[in-house]
Undergrad: 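Following this message is one structure expressed as structure tokens.
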Amino acid sequence: YDMQDKIDYVFKVVVIGDSAVGKTQILSRFAKNEFFFDSKSTIGVEFQTKTVIINGKVIKAQIWDTAGQERYRAVTSAYYRGALGAMLVYDITKRQSFDHVVRWVEELRAHADSSIVIMLVGNKGDLVDQRVVPAEDAVEFAEEQGLFFSETSALSGENVESAFLKLLEDINRVV
Ligand code: GDP
Ligand code: MG
């Protein structure tokens, strides 16, 4: 049968984080199992969807991507409206992108629903030899702030699906 006819829930999820950390590629990897080395031209899509089954429920994830509005405070509150989950992405090879995570959490606390589920994601896990952000730093921050945490690689695909599924499962637990 057509799964589209049987959707139990639509969950809006937003992907946020500094520019060039791999937000668009993580989303393409999850939604279409694609990766583009030069993704400059992939701008323009507002969201992508992927339908998954969690605990017997058919869940359509509607995942929103920023299109170059990653400057501090440039993402509008409309972007966050109705979002049940957030993927907050940094790049394990760019210290600044991790230092800015705290700002993105503040953004979420200011504009998103207080019950939003947040998954902190350290991307570019394939570039281990260029790592500057130890996983322990992120684990500590995530524990302090009550966030989930995962390291991913949009390039290899490692942990991308499991990070999204964990987020969707947790949203599903409370709806
Ligand atoms: P965004 O600005 O956060 O949406 O970042 P993009 O998804 O456009 O990715 C920025 C750049 O990083 C592109 O050149 C991607 O090919 C590259 N990139 C994204 N994810 C990964 C990854 O997991 N590993 C590696 N090595 N490069 C990545
Ligand atoms: Mg992008």
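Both ligands and their constituent atoms are indexed starting at 1 by order of listing. Just so we're clear, the structure is a prediction, and the values are computed from it rather than from any experiment.
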Undergrad: F141 vs F98 aromatic rings, parallel, tilted or perpendicular, using cut-offs 30° and 60°?
TA: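 It falls in the perpendicular class, over 60°.
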Undergrad: Using the ring of each side chain (for Trp, its six-membered ring), is W64 parallel, tilted or perpendicular to F47, with breaks at 30° and 60°?
TA: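 The arrangement is tilted - the two ring planes meet at 30° to 60°.
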Undergrad: Heavy atoms only: which of E151, K124, Q25 lies closest to atom 12 (O) of ligand 1?
TA: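 The residue whose heavy atom sits nearest atom 12 (O) of ligand 1 is K124.
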Undergrad: Atoms of ligand 1 less than 4.0 Å from A154 heavy atoms?
TA: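 That gives atoms 20 (N), 22 (C), 23 (O) of ligand 1.
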Undergrad: Out of L155, D65, T24, indicate the one that has the non-hydrogen atom closest to atom 4 (O) of ligand 1.
TA: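 Going through L155, D65, T24 one by one, T24 has the nearest heavy atom to atom 4 (O) of ligand 1.
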Undergrad: Relative to the heavy atoms of S153, which atoms of ligand 1 are at a distance of less than 4.0 Å?
TA: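 It comes down to these atoms of ligand 1: 23 (O).
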Undergrad: Are the charged groups of R95 and D137 less than 4.0 angstrom apart, N to O?
TA: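 Between D137 and R95 there is a salt bridge, with a charged N closer than 4.0 Å to a carboxylate O.
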Undergrad: Measure I26 to ligand 1 on non-hydrogen atoms and call it side chain, backbone, both or neither using the 4.0 Å cut-off.
TA: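 Neither part.
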Undergrad: Give a yes or no answer on whether the side chain of K12 reaches the backbone of Y79 with a donor-acceptor pair at less than 3.5 Å.
TA: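 Between the backbone of Y79 and the side chain of K12 there is a qualifying donor-acceptor contact (under 3.5 Å).
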Undergrad: Tell me which one of S156, G22, A20, G17 gets a heavy atom nearest to atom 2 (O) of ligand 1.
TA: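 Nearest option to atom 2 (O) of ligand 1, by heavy atoms: A20.
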Undergrad: Can you list the ligand 1 atoms lying under 4.0 Å from a non-hydrogen atom of D18?
TA: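 Close to D18: 3 (O).
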Undergrad: Under a 4.0 angstrom heavy-atom cut-off, which atoms of ligand 1 come close to D126?
TA: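 Once the distances to D126 are compared, the set is 22 (C), 23 (O), 24 (N), 25 (C), 26 (N).
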Undergrad: Under a plain distance cut-off of 3.5 Å, with no hydrogens placed, do S153 and D126 share a side-chain donor-acceptor pair?
TA: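 Side-chain D/A pair, D126 to S153: present.
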Undergrad: Go through the steps for S97 and D91 under the test side chain to side chain donor-acceptor pair (under 3.5 Å), then give the verdict.
TA: CA-CA 6 Å; S97 73; D91 175 346; 5.5 Å; no
Undergrad: CD of Q145: more than 12 outside heavy atoms within 6.0 angstrom?
TA: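 Check passes, neighbour count above 12.
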Undergrad: Check ligand 1 against N123 and write out every atom of the ligand that is under 4.0 Å from a heavy-atom position of the residue.
TA: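 The list of qualifying atoms is 20 (N), 21 (C), 22 (C), 23 (O).
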Undergrad: Is the Lys NZ or Arg CZ of K50 less than 6.0 Å from the centre of F164's six-membered ring, within 45° of the axis?
TA: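 No, a cation-pi geometry is absent between K50 and F164.
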Undergrad: Confirm or rule out an N/O/S atom of T24, from backbone or side chain, lying less than 2.8 Å from the Mg ion (ligand 2).
TA: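 Yes - counting backbone and side chain alike, T24 has an N, O or S atom under 2.8 Å.
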Undergrad: For V21, is at least one N or O under 3.5 Å away from an N or O on ligand 1?
TA: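 For ligand 1, there is an N or O atom that lies under 3.5 Å from one belonging to V21.
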Undergrad: May I ask you to check whether F36 has an N/O atom sitting below 3.5 Å from an N/O atom of ligand 1?
TA: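 Right, the criterion is met.
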Undergrad: For atom CD of Q96, is the number of surrounding heavy atoms from other residues, nucleotides or ligands below 6.0 Å larger than 12?
TA: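 Incorrect, the count does not exceed 12.
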Undergrad: Output yes when the distance from some N or O of ligand 1 to some N or O of L127 is under 3.5 Å, and no in every other case.
TA: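 There is no such contact.
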